[in-house]
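All remarks here apply to the structure that follows.
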Amino acid sequence: MAPNQLQPPRGTHDLIGEDFARHQHVIDTARRIARLYGFAEWATPIFEDTRVFSRTLGDTSDVVTKEMYTFEDRGGESVTLRPEGTAGVCRAFVSNGLTQGNLPRKVFYAGPMFRYERPQKGRQRQFHQIGIEVLGAAEPLADAEVIACGWHIQRELGIEEGTVLEVNTLGDAPSRDAYRAALVAYFSAHREALSAESQVRLEKNPMRILDSKEAQDRALVADAPTIFAQLTDEARVFFETVCAHLERLGVPYRVNPRIVRGLDYYSHTAFEFVTERLGAQGTVMAGGRYNGLVEAMGGPPTPSVGWAAGIERVAMLLEAVGGAPAAPRPVAVIPVGDAAEAAALDVLQALRSAGVVAEIAYKGNLKRRMERANKISARYAVILGDAELAEGRVQLRDLDSGTQESVLAAALPARFV
RNA sequence: GCGGCCAUAGCUCAGUUGGCAGAGCGUCGGCUUGUGGUGCCGAAUGUCACGGGUUCGAGCCCCGUUGGUCGCCCCA
């Protein structure tokens, strides 16, 4: 790289060639499957009033203090590049007056997100997510369908064998409060055995001890109480119903009582599709129920559930199973001489009108244009010069077999349908 | 924000105790003025990431910066 050459900003990357093909295939597939489940696509702004995020995150977490792209615009308003998709969808749901009637509202989205973090594989400062939300549904069937849709997308992409679905329940508010107290009691009794970091967590966010990576913590966590003893009857039945629906829908899962969420508006279902293949950033798709979020955004109580998936991480799994389907191979139209070049335009338009991918090299003699045809992976070459022109015919060359035949120009498009 | 490792041609990489900057692939040209993909011949391409230091001499040793990578923190 030349000394003064501009580099992309840290933690950003260009999507070109195969990278873009995989990225787009993930979005296309997710969009298609989400539609099967009745989701409609929304596009919301990639920056929002900072309060859209700070209001829902609290103000003590690292999330707010150091990981958001927040700045003042020229009018002095504090705006933030969206770090995730759910908050913006909920804001739009409220802003557009959709909170009453016609519920649930089922939303799909895809687009860039921004988090100011130290980059590592599968974790960039600008990254991309797909996600779905069901807004205004309190029933466990919604949770099960949301999960099933995510699993269906992975299956359609062919990556489902690389991931495992883990589900848990965070219970309702009384369950959660009782569990938090039980956890604090348990870990406080073993305080000296905890890692230094987990001793801090014990004060700030005790549930996070459950997914600590420290070996000394994991031993304690293995024997820690799970939430199941603290669940209210209602919360337990809710979770059992979600699981029963998943089984009926044919979605394989395992219960992992150590899945947690940090914020209070989460309740009941929490789930993650995880993989061993991406190192420390192994969560491919994560979601859950957030009955309190729309309310925090200024709307009415709106029980909701959804998930988001990192497109880059999904694309890495996709690469491991062969990548995106190949693009259709074009037909290369190759004129010889000026008169033929003009006539080639008619051939091109006829082919494209028939839905055939067709290209013409902009310069070069026959040899050069044949070489070019090869570089663009053309399947056929259509060659026309003065001799062909005079007869209203073209040479159709199969570039894989090398065989060539004379074809009536008018009959050409029909050869490719 | 913290720590380990890394940075040489478009790509993948080699480069000996510090002594002339290399290979393969790709690219371009020719063998072939109406026929590509395979073959043969030839060519171009580098502030060795950036800045400083040590040395007669630095791709190589030292310091800093930038970027990548792996882990930690965090994970909405």
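Within every chain, numbering begins at 1; the chains are lettered A, B, ... in the order of the sequence lines, protein sequences first and strands thereafter.
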- prompt: Rounding to a whole Å, what distance do you find between Tyr116(A):OH and C75(B):P?
  reply: 19 Å
- request: In whole angstrom, give me the gap between the P atoms of G52(B) and U38(B).
  value: 46 Å
query: Is there a side-chain contact between Leu263(A) and Tyr290(A), using heavy atoms and a 4.5 Å cut-off?
result: no
message: Counting only heavy atoms from other residues, nucleotides and ligands, does the tally under 6.0 Å from CD of Glu18(A) exceed 12?
response: no
query: Considering only the C1' atoms, how many Å lie between U32(B) and G15(B), rounded to the nearest integer?
result: 39 Å
- request: Determine the Euclidean distance between corresponding C1' atoms of A58(B) and G19(B); express it in Å to zero decimal places.
  value: 10 Å
task: Between A44(B) and C25(B), how far apart are the C1' atoms? Round to whole Å, please.
output: 16 Å
- prompt: Tell me, for nucleotides 35-41 of chain B in 5' to 3' order, what letter each nucleotide earns: B for a base near a protein heavy atom under 4.0 Å, S for only sugar-phosphate near one, - for neither?
  reply: BBB----
query: Between Glu272(A) and Arg261(A), is the closest basic N to carboxylate O distance under 4.0 Å?
result: yes
query: How far, in whole Å, is C72(B) from G64(B) if one measures between their P atoms?
result: 25 Å
- prompt: In whole Å, what is the span from the CD atom of Glu214(A) to the P atom of C74(B)?
  reply: 10 Å
- prompt: Is there a side-chain contact between Ile159(A) and Thr275(A), using heavy atoms and a 4.5 Å cut-off?
  reply: no
Spacing between Leu170(A) atom CG and A76(B) atom P, to the nearest angstrom: 11 Å
Identify all side-chain donor-acceptor contacts of residues 346-364 of chain A below 3.5 Å with residues at least two apart in sequence or on another chain.
unit_1, atom_1, unit_2, atom_2, d
Arg352(A), NE, Ala358(A), O, 3.2
Arg352(A), NH2, Ala358(A), O, 2.9
Ser353(A), OG, Gln349(A), O, 2.8

Spacing of the P atoms in C60(B) and A9(B) (rounded, Å): 15 Å
- request: Look at the side chain of Leu263(A) and decide which nucleotide, out of A76(B), C72(B), G68(B), has an atom nearest to it.
  value: A76(B)
message: Taking Watson-Crick (N1-N3 plus N6-O4 or O6-N4) and G-U wobble (N1-O2, O6-N3), each under 3.5 Å, can you produce the dot-bracket string of RNA chain B? Use [ ] for crossing pairs and | for inter-strand ones.
response: (((((((..((((.....[..)))).(((((.......))))).....(((((..]....))))))))))))....
message: Tell me which residues in residues 302-336 of chain A lie within less than 4.0 Å of RNA chain B, going by non-hydrogen atoms.
response: none
- prompt: Which nucleotide in the list U66(B), A76(B), G71(B) gets nearest to the side chain of Pro83(A)?
  reply: A76(B)
- prompt: Does Arg123(A) have a side-chain nitrogen or oxygen under 4.0 Å from the phosphate oxygens OP1 or OP2 of C75(B)?
  reply: no
- request: Check every atom of A76(B), C2(B), C73(B) against the side chain of Arg118(A) and return the nucleotide holding the closest atom.
  value: C2(B)
Separation of atom CD1 in Ile259(A) from atom P in C75(B), rounded to whole Å: 15 Å
- request: Would you kindly give the CE-to-P distance between Met207(A) and C75(B), to the nearest whole Å?
  value: 13 Å
query: Do you know the tightest heavy-atom contact between Gln124(A) and Phe127(A)?
result: O-CD2, 3.5 Å
Under-4.0 Å side-chain N/O to phosphate OP1/OP2 contact, Arg368(A) with G30(B): yes
- prompt: So which nucleotide from A76(B), C74(B), U69(B) ends up closest to the side chain of Arg201(A)?
  reply: C74(B)
field: Carboxylate-amine/guanidinium contact Arg180(A) Asp264(A), below 4.0 Å
entry: yes
message: Within a 6.0 Å radius of atom CZ on Arg51(A), are there more than 12 heavy atoms belonging to other residues, nucleotides or ligands?
response: no
message: Go nucleotide by nucleotide along RNA chain B from the 5' end; which of Pro8(A) and Leu384(A) gets its closest nucleotide reached first?
response: Leu384(A)
query: For RNA chain B, what residues of residues 273-301 of chain A have any heavy atom nearer than 4.0 Å?
result: Gly279(A), Ala280(A)
- prompt: Can Glu388(A) and Arg393(A) be counted as an ion pair, charged N to O under 4.0 angstrom?
  reply: no
query: Any donor-acceptor pair under 3.5 Å joining the side chain of Glu67(A) to the base of A76(B)?
result: yes
message: Between G24(B) and G68(B), how far apart are the two P atoms, rounded to whole Å?
response: 32 Å
Side chains of Tyr109(A) and Thr86(A) in contact at under 4.5 Å (non-hydrogen atoms): yes
message: In whole Å, I'd like the distance from the CZ atom of Arg91(A) to the C1' atom of A76(B).
response: 17 Å
Under the side-chain contact (heavy atoms from CB on, under 4.5 Å) test, residues paired with Ala138(A) that sit two or more places apart: Pro303(A)
field: Distance between C1' atoms of U17(B) and C61(B) (Å, rounded)
entry: 12 Å
task: Let me know the distance between NZ of Lys121(A) and C1' of U69(B), rounded to the nearest Å.
output: 9 Å
statement: Among C74(B), G68(B), A76(B), the one nearest any side-chain atom of Arg115(A) is A76(B)
- request: Give the rounded distance in Å between these two atoms: CG of Asp211(A) and C1' of C72(B).
  value: 14 Å
query: Are there more than 12 heavy atoms of other residues, nucleotides or ligands under 6.0 Å from atom CZ of Arg258(A)?
result: no
Ring centres under 6.0 angstrom apart (Tyr253(A), Phe271(A)): no
- request: Quick one: label Phe127(A) by what it contacts on the DNA or RNA (base, sugar-phosphate, nothing), any heavy atom closer than 4.0 Å.
  value: nothing
- request: Considering only NZ, NE, NH1 and NH2 on the basic side and carboxylate oxygens on the acidic side, decide whether Glu161(A) and Arg277(A) come within less than 4.0 Å.
  value: no
- prompt: Does a side-chain N-to-carboxylate-O contact under 4.0 Å join Glu371(A) and Lys367(A)?
  reply: yes
Salt-bridge contact Glu214(A)-Arg201(A) (side-chain N to carboxylate O under 4.0 Å): no
